[in-house]
Engineer: 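Have a look at the structure that comes next, please.
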There are 2 protein chains.
Amino acid sequence: MPPTKVKSAEVPIAATRQHKADAKAAVHPPAKPRPITRIQREKQDLILEAALEVFSLHGFRGATIDQIAEVAGMSKPNLLYYFPRKEEIHRRLMGELLVTWLAPLREMDENGDPFSEIRSYIRRKLEMARDFPRESRLFANEMLQGAPRIIEMIEVDLKNLVDEKAKVLLTWMDQGKLTRTDPYHLIFSIWATTQHYADFDVQVRAVLGPGRGGEGRFEDAARYLEQLFMFGLTPKTRA
Amino acid sequence: MPPTKVKSAEVPIAATRQHKADAKAAVHPPAKPRPITRIQREKQDLILEAALEVFSLHGFRGATIDQIAEVAGMSKPNLLYYFPRKEEIHRRLMGELLVTWLAPLREMDENGDPFSEIRSYIRRKLEMARDFPRESRLFANEMLQGAPRIIEMIEVDLKNLVDEKAKVLLTWMDQGKLTRTDPYHLIFSIWATTQHYADFDVQVRAVLGPGRGGEGRFEDAARYLEQLFMFGLTPKTRA
DNA sequence: AGAAATTTTGACCAGTTGGAAAAATGTTAG
DNA sequence: CTAACATTTTTCCAACTGGTCAAAATTTCT
């Protein structure tokens with residue numbers, strides 16, 4: 001269970017200090033590839049992990065650089081050496097997150113059996129809610145505020161993926177393998193029901209009480225959701 | 001469509017100024033009933049309405065008293081005259097909100113027909129997501145942060161209500177009128193699927209696109225959810 | 001080792017924030 | 001009309017915020 005490790009590819013070296021040596025470096029950008037040291041990657045990951053913790057709990061505005069720095073175990077100026085501004089941290093975090101976040105949907109295979117594909121999708125999403133609740137909350141936080149910093153990603157990447165999968169669902173419906181219904185709202189309902197267990201965790205625990213609010217709640221949820229999405233609430237034997 | 005007007009009952013007169021006349025007033029608390037002027041009530045409602053707007057958008061920490069005051073059309077010190085601290089505003093807002101928020105569930109009648117009761121509940125919750133999205137987001141914001149300011153209310157009022165209604169659902173299941181399943185997770189799934197349309201509104205609109213993201217989305221959602229909760233995704237005519 | 005580059009620190013700053021104090025301005029009952 | 005009270009405005013402040021900067025400490029490279 002990796003804590004965060006979403007993906008650390010193209011690390012554009014946090015705006016490497018450019019003071020006096022500016023003249024040279026800035027004028028010949030392609031000349032200096034700037035290798036990216038081991039320390040840089042490690043520290044950046046450390047910061048992103050800390051930022052995930054803090055942002056997911058307080059939202060962008062509510063989180064402070066000091067808090068993030070403290071969680072990351074470094075001083076504020078030191079943190080700012082790697083990410084010159086707060087928004088930069090958030091942007092990176094969201095960008096990497098979205099990829100992970102959509103992976104389960106991406107895996108839904110149009111050549112598989114409709115029901116087992118949907119069931120797997122629900123299960124994977126539920127596992128993510130269980131194992132990566134901070135990521136879920138970070139995402140929810142951003143959405144609640146109108147997604148000001150990631151709206152383009154939502155409108156492009158996410159929309160395209162959903163459009164594509166909606167088509168797959170429609171095909172299955174055409175083949176009579178699935179009740180004919182709205183594929184978009186179907187996807188929304190899967191998102192909503194699964195992410196609920198991460199985003200509203202406090203409420204879920206409080207309502208279930210100490211008895212049933214333990215770790216078993218995810219298995220109960222999985223069982224219930226499978227029932228719901230397969231057959232709804234209509235009993236098989238009519239009363 | 002009342003903008004907010006959740007409920008303005010027991011208004012404990014925002015800590016009426018107590019400076020020099022303190023001696024008298026403070027020593028004989030039960031002596032002076034303090035009538036609560038019309039202006040006080042009006043201004044307090046104005047502030048709460050503004051606070052709802054701001055808190056729901058930025059969360060507790062992200063919202064500033066200045067912003068709230070500006071939306072309410074008054075100066076910050078003036079606002080602080082009615083609510084001596086930021087947290088006070090939030091507390092009042094959440095307290096009144098919870099009552100409205102739970103009303104739909106409270107209405108679920110154990111003597112009614114199970115399916116029409118559940119259907120009505122879903123419809124009412126969906127209407128609330130449509131007509132009171134700010135309230136929904138305020139609530140979601142608080143939940144995301146671990147409900148630090150309303151955890152007791154959740155653990156008592158909300159839990160009791162859910163326990164009560166879960167019993168009703170169980171009775172219905174015992175009578176064979178409803179598939180036997182987990183009543184708590186059933187309620188969670190109704191909350192999640194309906195509130196999603198308020199809390200993740202930006203995402204819903206973005207994914208549906210300009211064509212289907214208009215006002216019709218709530219009717220589409222209602223239709224889909226009815227289908228889902230009634231029969232799930234299994235087609236009637238097996239392919 | 002020693003020079004060059006990278007990383008870390010400490011001091012600092014300007015703008016914002018929640019909130020206090022008191023003076024100034026209504027409002028109203030006698 | 002005016003004293004008593006309610007409301008509003010002005011001024012102010014200490015703590016916090018995001019961010020800068022130069023110097024010091026450390027690491028890396030030759």
Side-chain angles (χ1 to χ4, degrees), chain A residues 11 13-22 24-25 31-47 50-51 54-55 58-91 149, chain B residues 11 13-26 31-47 50-51 54-55 58-91 149:
Chain A
V11 181
I13 187 174
T16 307
R17 203 59 156 293
Q18 294 178 316
H19 291 178
K20 292 132 192 197
D22 223 288
K24 288 191 294 267
K32 288 213 164 189
R34 301 293 185 120
I36 299 165
T37 69
R38 167 189 50 86
I39 290 182
Q40 282 176 338
R41 173 147 311 159
E42 282 177 7
K43 289 297 170 82
Q44 287 190 356
D45 284 353
L46 204 65
I47 292 169
V54 179
F55 279 139
H58 303 293
F60 182 76
R61 287 211 50 190
T64 72
I65 299 183
D66 285 285
Q67 279 177 84
I68 299 172
E70 199 198 320
V71 174
M74 63 179 75
S75 68
K76 178 169 63 171
N78 196 187
L79 181 152
L80 285 168
Y81 169 73
Y82 293 99
F83 291 89
R85 34 204 76 248
K86 190 184 176 185
E87 229 190 286
E88 218 61 52
I89 311 176
H90 194 265
R91 190 185 310 282
R149 285 167 289 273
Chain B
V11 180
I13 187 175
T16 307
R17 203 60 154 295
Q18 295 177 316
H19 291 177
K20 292 134 191 192
D22 223 78
K24 288 191 291 264
K32 288 216 168 190
R34 300 297 183 122
I36 300 164
T37 69
R38 169 188 48 86
I39 290 181
Q40 283 177 338
R41 173 148 310 158
E42 282 176 10
K43 288 295 172 78
Q44 287 189 355
D45 284 353
L46 203 66
I47 292 170
V54 180
F55 279 139
H58 303 293
F60 182 77
R61 287 212 52 189
T64 73
I65 299 184
D66 285 284
Q67 280 177 83
I68 299 173
E70 197 196 321
V71 174
M74 63 179 77
S75 68
K76 176 170 63 169
N78 196 186
L79 181 151
L80 285 169
Y81 169 73
Y82 292 100
F83 290 88
R85 34 204 74 250
K86 187 183 177 185
E87 229 191 285
E88 220 60 51
I89 311 175
H90 194 265
R91 190 184 308 284
R149 283 166 292 271

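In what follows, chains are A, B, ... by sequence order, proteins preceding strands, each numbered from 1.
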Engineer: Could you go over nucleotides 13-18 of chain D and give all protein N or O partners under 3.5 Å, atom names and distances?
Structural biologist:
from, atom 1, to, atom 2, distance (Å)
D/dT17, OP1, B/R61, NH2, 3.3
D/dG18, OP1, A/A63, O, 3.3
D/dG18, OP1, A/K86, NZ, 3.0
D/dG18, OP2, A/I65, N, 2.9
D/dG18, N7, A/K76, NZ, 2.8

Engineer: Send over the distance from B/L46 CG to D/dT8 C1', rounded to a whole Å.
Structural biologist: 15 Å
Engineer: Please determine if a side-chain N or O atom of A/N78 lies less than 4.0 Å away from the OP1 or OP2 oxygen of C/dT7.
Structural biologist: no
Engineer: Grab the CD-P distance between B/Q44 and D/dT8 for me, whole Å please.
Structural biologist: 12 Å
Engineer: Enter the distance from B/N78:CG to B/I47:CD1 here, rounded to the nearest 0.5 Å.
Structural biologist: 7.0 Å
Engineer: Would you mind reading off the distance between B/M74 atom CE and D/dT10 atom P, rounded to a whole angstrom?
Structural biologist: 15 Å
Engineer: Between atom CZ of A/F83 and atom NE2 of A/H90, what is the distance when rounded to the nearest 0.5 Å?
Structural biologist: 12.5 Å
Engineer: When you measure from the side-chain N and O atoms of A/Q40 to the phosphate of C/dT6, is any distance below 4.0 Å, counting only OP1 and OP2?
Structural biologist: no
Engineer: Any side-chain heavy atom of B/K76 sitting closer than 4.5 Å to one from B/L80?
Structural biologist: yes
Engineer: To the nearest Å, how far apart are A/E42 CD and D/dT27 P?
Structural biologist: 13 Å
Engineer: Quick one, B/T64 and B/E70 - any side-chain contact, counting heavy atoms below 4.5 Å?
Structural biologist: no
Engineer: Tell me the interatomic distance from A/E87, atom CD, to D/dG19, atom C1', rounded to whole angstroms.
Structural biologist: 14 Å
Engineer: Using whole Å, report how far NZ of A/K43 lies from P of C/dT7.
Structural biologist: 9 Å
Engineer: So which atom in A/L79 and which in A/I89 form the shortest heavy-atom distance, rounded to 0.1 Å?
Structural biologist: CD2-CD1, 3.7 Å
Engineer: OP1 or OP2 of D/dT7 versus the side-chain N and O atoms of B/Y81: is any pair under 4.0 Å?
Structural biologist: yes
Engineer: Looking only at non-hydrogen atoms, find the nearest pair between A/V71 and A/A50 and report the distance.
Structural biologist: CG1-CB, 3.6 Å
Engineer: Side-chain contact, heavy-atom cut-off 4.5 Å: B/F55 with B/K86?
Structural biologist: yes
Engineer: Could you state the CZ-C1' distance from A/R41 to D/dT27, rounded to the nearest angstrom?
Structural biologist: 18 Å
Engineer: So does A/S75 get a side-chain nitrogen or oxygen closer than 4.0 Å to the phosphate oxygens (OP1/OP2) of C/dT9?
Structural biologist: yes
